[in-house]
Enquirer: 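Before anything else, here's the structure in question.
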Amino acid sequence: MIKAILACDEDWGIGKDGDMPWPHNPADLKWFKENTTGGVVVMGKSTWDGLPFKPLPKRENIIVTRSKQDISITDYQFVKFADIKQKLLEFKETKDIWIIGGAKLIEGLFDIIAEFHLSKIKGIYDCDTYLPEKFIKEHYLLKQSSKLGEVSFDVWCKK
Ligand SMILES: NC(=O)c1ccc[n+]([C@@H]2O[C@H](COP(=O)([O-])OP(=O)(O)OC[C@H]3O[C@@H](n4cnc5c(N)ncnc54)[C@H](OP(=O)(O)O)[C@@H]3O)[C@@H](O)[C@H]2O)c1
């Protein structure tokens, strides 16, 4: 199953100026690490560019781009958007696949995303990048919700 995992604020904002909009959030980062370690993380080129440390350790890192040919380096690889769905078939039986953003990549891969795992960060952070709240609410059902401190963790499943 292919799942997306992101954090968003109360307005479904996910990014600002190429970075995360809120202060360091240990609960969210712990949740992200626990879920994705050992799996495949797939991200858009802008998300990759904004990572403070890369590649993300103990995970296969796949970066989606239009502008480069497919390139494979020891611990991460660039894949053209046109090839990404085929590429993910290689891992489907053996590893968890997590689409980790940003918004452009999510919008391009809606047809293969079975679940959204969203940490909802308290507050509104004047973002410039958003998840499409209306689309997700129309096409996915909120199946599970739990809370740790001020962060709630929601799982939305495709209807
Ligand atoms: N809160 C969170 O959980 C979270 C998670 C991830 C990212 N973010 C934030 O989100 C922002 C970045 O998101 P974004 O939406 O601007 O960019 P993005 O999706 O990370 O990356 C966009 C780039 O990826 C490639 N790409 C993605 N989708 C494509 C498609 N459908 N077709 C062709 N190429 C595609 C293109 O690369 P080329 O230009 O190289 O062709 C495109 O310019 C940053 O602020 C980041 O910090 C937040």
Side-chain angles (χ1 to χ4, degrees), residues 2-37 39-57 59-73 76-89 96-136 139-140 142 145-156:
I2 298 177
K3 297 175 268 192
I5 183 164
L6 292 102
C8 61
D9 73 6
E10 289 175 28
D11 244 358
W12 295 65
I14 64 163
K16 189 180 180 187
D17 301 329
D19 207 344
M20 301 290 260
W22 39 79
H24 180 72
N25 189 306
D28 171 50
L29 295 176
K30 182 168 180 276
W31 189 69
F32 177 81
K33 190 176 168 191
E34 279 173 4
N35 275 293
T36 59
T37 295
V40 180
V41 287
V42 185
M43 70 198 90
K45 174 69 166 43
S46 308
T47 295
W48 171 256
D49 288 342
L51 286 182
F53 304 103
K54 52 194 153 195
L56 295 175
R59 283 152 276 196
E60 297 257 3
N61 286 230
I62 296 181
I63 305 105
V64 179
T65 176
R66 275 174 303 238
S67 52
K68 288 197 176 65
Q69 295 301 309
D70 292 1
I71 302 175
S72 195
I73 296 141
Y76 61 94
Q77 40 190 309
F78 286 88
V79 175
K80 280 184 287 178
F81 181 75
D83 299 334
I84 188 64
K85 292 177 191 170
Q86 187 61 34
K87 178 81 198 169
L88 294 182
L89 291 177
D96 287 337
I97 300 171
W98 294 96
I99 314 294
I100 66 166
K104 288 196 190 83
L105 184 62
I106 294 288
E107 281 169 30
L109 294 181
F110 265 132
D111 55 329
I112 60 165
I113 297 174
E115 292 184 355
F116 277 88
H117 292 234
L118 300 182
S119 359
K120 301 296 296 265
I121 309 288
K122 200 173 160 56
I124 292 176
Y125 287 88
D126 185 28
C127 295
D128 57 22
T129 310
Y130 290 83
L131 282 175
E133 173 184 3
K134 191 164 173 277
F135 184 94
I136 293 175
H139 294 90
Y140 294 80
L142 181 60
S145 191
S146 55
K147 218 163 187 260
L148 186 66
E150 296 217 314
V151 184
S152 39
F153 301 96
D154 295 346
V155 180
W156 294 78

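Every number for a ligand or one of its atoms is a count from 1 in the order of the listing.
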Enquirer: Residues in salt bridge (Lys or Arg N to Asp or Glu O under 4.0 Å) with K87, at least two apart?
Expert: E90
Enquirer: Not counting sequence neighbours, list each pair that qualifies as a side-chain hydrogen bond (donor to acceptor under 3.5 Å, both in side chains) and has a residue in residues 20-33.
Expert: D28-S119, K30-E34
Enquirer: Considering the heavy atoms of G15, write down every atom of ligand 1 situated less than 4.0 Å from one of them.
Expert: 9 (C), 45 (O)
Enquirer: Would one find an N or O of K45, backbone or side chain, under 3.5 Å from an N or O of ligand 1?
Expert: yes
Enquirer: Which bit of I100 gets closer than 4.0 Å to ligand 1, counting heavy atoms only: side chain, backbone, both or neither?
Expert: backbone
Enquirer: Whether K120 engages the ring of W12 as a cation-pi pair (distance to the six-membered ring centre under 6.0 angstrom, angle to the ring normal within 45°) should be assessed.
Expert: yes
Enquirer: Is the shortest N/O to N/O distance between I14 and ligand 1 below 3.5 Å?
Expert: yes
Enquirer: Which part of L6 is near ligand 1, with near meaning a heavy atom under 4.0 Å away: side chain, backbone, both or neither?
Expert: both
Enquirer: So, does M43 sit close enough to ligand 1 that a heavy atom of it is under 4.0 Å from the ligand?
Expert: no
Enquirer: Mind telling me whether W48 and F78 have parallel, tilted or perpendicular rings, with 30° and 60° as the class edges?
Expert: perpendicular
Enquirer: Report yes or no: does G18 have a heavy atom closer than 4.0 Å to ligand 1?
Expert: yes
Enquirer: Before signing off on this row, confirm whether D128 and ligand 1 have an N or O atom pair separated by under 3.5 Å.
Expert: no
Enquirer: Between K16 and ligand 1, find which residue part has any heavy-atom pair under 4.0 Å and reply side chain, backbone, both or neither.
Expert: backbone
Enquirer: Report yes if some N/O of W22 lies less than 3.5 Å from some N/O of ligand 1; otherwise report no.
Expert: no
Enquirer: Mark the output for G50 as yes if a heavy-atom distance to ligand 1 is under 4.0 Å, and as no if none is.
Expert: no
